[in-house]
Amino acid sequence: MGRAHEVRAAAMAKTAAMKSKLYSRFGKELYIAAKSGVPDPDMNLALARKIKEAKSNQVPADVIKRAIDKAKGGGGEDYTECRYEGFGPGNSTVIVDCLTDNTNRAYTEVKTVFNKCKGAKLANAGAVSFNYEQCGLFYFPYEDEEGMLDAMMEAEVDVSDLSVEDGVMMVKTAFADFAKAQDAIEKLIPGVEFETCEVTMLPNEYVTLTDPEDVEAYNKLMSMLNDADDVNKVYTNVTLEA
């Protein structure tokens with residue numbers, strides 16, 4: 001049902017690139033969810049959802065517990081979400097989401113990365129994101145498309161794309177229906193193991209870099225953003241050739 005290969009390749013590439021930051025990212029997000037209400041998943045729906053998402057991404061139980069215990073202690077950091085958009089080499093575009101306790105530091109950090117990478121430059125808000133779609137994205141082993149669509153309809157989930165490739169199903173949903181979709185999948189497939197389970201930003205069009213200099217510059221940009229402490233997530237319209 002359209003672009004399944006490109007979507008999966010981009011999602012897997014992003015996941016691999018951000019793997020080293022996964023625990024840190026979920027630690028912050030769990031802390032924020034716990035601090036925004038009662039730090040008990042039985043009484044805090046947002047925290048319960050975030051715990052489920054973390055577990056689906058193989059975040060260890062001790063990381064989850066540590067973030068919640070930190071929120072229980074009171075005080076601590078106050079994190080702010082901020083987004084920066086930019087252009088990379090070879091018609092690539094990049095969206096950088098930060099979760100930081102110092103927005104000035106985050107901006108300086110991201111700006112420095114773009115300045116150090118050939119062909120990259122920051123852009124105004126909206127210059128890139130208008131061509132992306134915020135959505136829920138799932139990849140998991142399953143082949144019954146009709147059964148999955150029935151489950152999604154029963155859960156009143158808005159499904160924008162669903163396909164199967166090599167025994168792996170891809171389901172893309174409306175952003176607002178992410179939690180309902182995850183619940184429906186887990187109900188239909190007890191013990192399901194997700195390859196991808198996340199709210200993400202997907203580009204409407206993808207580009208493939210062919211110039212070796214562009215590829216080198218792009219990889220440097222991604223690596224430096226991944227190493228930046230305040231960077232939480234990075235979205236891009238680049239697919240990497242196998």
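If you're wondering where the values come from, they're calculated on a predicted model, not measured in any experiment.
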Between Thr239 and Thr208, a side-chain donor and acceptor under 3.5 Å | yes
Tell me yes or no: between the side chains of Asn232 and Asp97, is some donor less than 3.5 Å from an acceptor?
-> no
Under the ring pair (Phe, Tyr, Trp, His ring centres under 6.0 Å) rule, what pairs show up with a residue in residues 162-194, not counting sequence neighbours?
-> Phe138-Phe178, Phe138-Phe194, Phe140-Phe194
Mind checking the CG-CD spacing from Asp166 to Glu143? Nearest 0.5 Å is all I need.
-> 9.5 Å
What residues, two or more places apart in sequence or in another chain, satisfy salt bridge (Lys or Arg N to Asp or Glu O under 4.0 Å) together with Glu53?
-> Lys50
By ring pair (Phe, Tyr, Trp, His ring centres under 6.0 Å), Phe87 pairs with (sequence neighbours left out) none
Would you say the side chain of Met148 lies within less than 4.5 Å of the side chain of Leu188, judging by non-hydrogen atoms?
-> yes
Check: Asp229 and Val231 side chains under 4.5 Å, non-hydrogen atoms | no
The reported gap from OH in Tyr79 to CG in Leu99 (rounded to nearest 0.5 angstrom) is 7.0 Å
Which is it for Ile185 and Met169 under the side-chain contact (heavy atoms from CB on, under 4.5 Å) test, yes or no, and what are the steps along the way?
-> CA-CA 11 Å; Ile185 294 168; Met169 179 171 287; over 6 Å; no
Test item: Val94 and Leu225 side chains (from C-beta on) under 4.5 Å apart, heavy atoms | yes
Got a sec, which residues hit side chain to side chain donor-acceptor pair (under 3.5 Å) with Tyr132, two or more places apart in sequence or on another chain?
-> Thr93
Taking all non-hydrogen atoms of both residues, which atom of Leu209 and which atom of Gly90 are closest, and how far apart?
-> CD2-O, 3.5 Å
Could you tell me which residues satisfy side chain to side chain donor-acceptor pair (under 3.5 Å) with Asp40, sequence neighbours excluded, listed by chain and number?
-> none
Compare all side-chain heavy atoms of Pro60 with those of Ile64 and state whether any distance is below 4.5 angstrom.
-> no
Hey, is CD on Gln134 packed in by over 12 heavy atoms from elsewhere, all under 6.0 Å?
-> yes
Spacing of Glu81 atom CD and Ile32 atom CD1 [to the nearest 0.5 Å] = 6.0 Å
Considering only heavy atoms from C-beta outward, does the side chain of Glu109 approach that of Met224 to under 4.5 Å?
-> no
Looking only at non-hydrogen atoms, find the nearest pair between Leu47 and Ala33 and report the distance.
-> CA-CB, 3.9 Å
Rounding to 0.5 Å, atoms CG (Asp62) and OH (Tyr23) come to a distance of 8.5 Å
Look at the side-chain heavy atoms of Ile, Leu, Val, Met, Phe, Trp and Tyr, link any pair under 4.5 Å apart, and say whether Leu149 and Val192 land in one connected group.
-> yes
Do the side chains of Asn226 and Val234 get nearer than 4.5 Å, heavy atoms only?
-> no
Give the C-alpha distance, both sets of side-chain angles, the deciding distance and a yes or no for side-chain contact (heavy atoms from CB on, under 4.5 Å) between Tyr107 and Asn102.
-> CA-CA 9 Å; Tyr107 173 74; Asn102 186 323; over 6 Å; no
Between Lys28, Lys35, Glu29, which is the residue that forms a side-chain hydrogen bond (donor to acceptor under 3.5 Å, both in side chains) with Tyr31?
-> Lys35
Check: Leu202 and Cys135 side chains under 4.5 Å, non-hydrogen atoms | yes
Leu45: which other cluster members, linking ILVMFWY side chains closer than 4.5 Å, directly or transitively?
-> none
Do you know which two heavy atoms are closest between Ser92 and Asn237, and how far apart they sit?
-> CA-OD1, 3.3 Å
Which other residues belong to the hydrophobic cluster containing Val38, where Ile, Leu, Val, Met, Phe, Trp and Tyr are joined when side-chain heavy atoms lie under 4.5 Å apart, directly or via other members?
-> Met43
When you measure from the side chain of Asn91 to the backbone N and O of Val207, does any donor-acceptor pair fall under 3.5 Å?
-> no
Please list, chain by chain and in numerical order, all residues satisfying side chain to side chain donor-acceptor pair (under 3.5 Å) with Lys55, sequence neighbours excluded.
-> none
To the nearest 0.5 Å, atom CG of Leu221 lies from atom CG of Asp214 at 12.0 Å
Is the count of non-hydrogen atoms from other residues, nucleotides or ligands lying under 6.0 Å from Asn124 atom CG greater than 12?
-> no
Residue list, side chain to side chain donor-acceptor pair (under 3.5 Å) with Arg105, at least two apart or on another chain | Thr100, Asp101, Asp230
Of all pairs that satisfy salt bridge (charged side-chain N to carboxylate O under 4.0 Å, His left out), the ones with a partner from residues 178-188, not counting sequence neighbours | Arg49-Asp183, Lys52-Asp183, Lys52-Glu186, Asp177-Lys180
For Ala181 against Met152, the heavy-atom pair lying closest together | O-CE, 3.7 Å
Backbone N/O of Ser56 and side chain of Gln58: donor-acceptor pair under 3.5 Å | yes
Output the distance between atom CG (Leu137) and atom CD (Glu195), rounded to the nearest 0.5 Å.
-> 10.5 Å
Anything under 3.5 Å between a donor and an acceptor, one on a side chain of residues 110-119, the other on a protein residue two or more places apart or in another chain? List them.
from   : atom 1 : to     : atom 2 : distance (Å)
Thr112 : OG1    : Thr108 : O      : 2.7
Asn115 : ND2    : Lys111 : O      : 3.4
Lys118 : NZ     : Glu213 : OE1    : 3.1

Would you say the side-chain atoms of Ser160 pair up with the backbone N or O of Lys172, donor to acceptor, closer than 3.5 Å?
-> yes
In chain order, what residues pass the salt bridge (Lys or Arg N to Asp or Glu O under 4.0 Å) check against Asp42, with sequence neighbours excluded?
-> none
For side-chain contact (heavy atoms from CB on, under 4.5 Å), just list the numbers for Arg83 and Cys98, CA-CA rounded to whole Å, side-chain angles, deciding distance to a tenth of an Å, and then say yes or no.
-> CA-CA 6 Å; Arg83 169 169 290 174; Cys98 292; over 6 Å; no
Between Tyr218 and Val238, is any pair of side-chain heavy atoms under 4.5 Å apart?
-> yes
Audit row: Asp161, Met170, side-chain contact (heavy atoms from CB on, under 4.5 Å) steps and yes/no = CA-CA 8 Å; Asp161 203 353; Met170 182 273 288; 3.5 Å; yes
Whether Glu85 side chain and Ala127 backbone form a donor-acceptor pair below 3.5 Å = yes
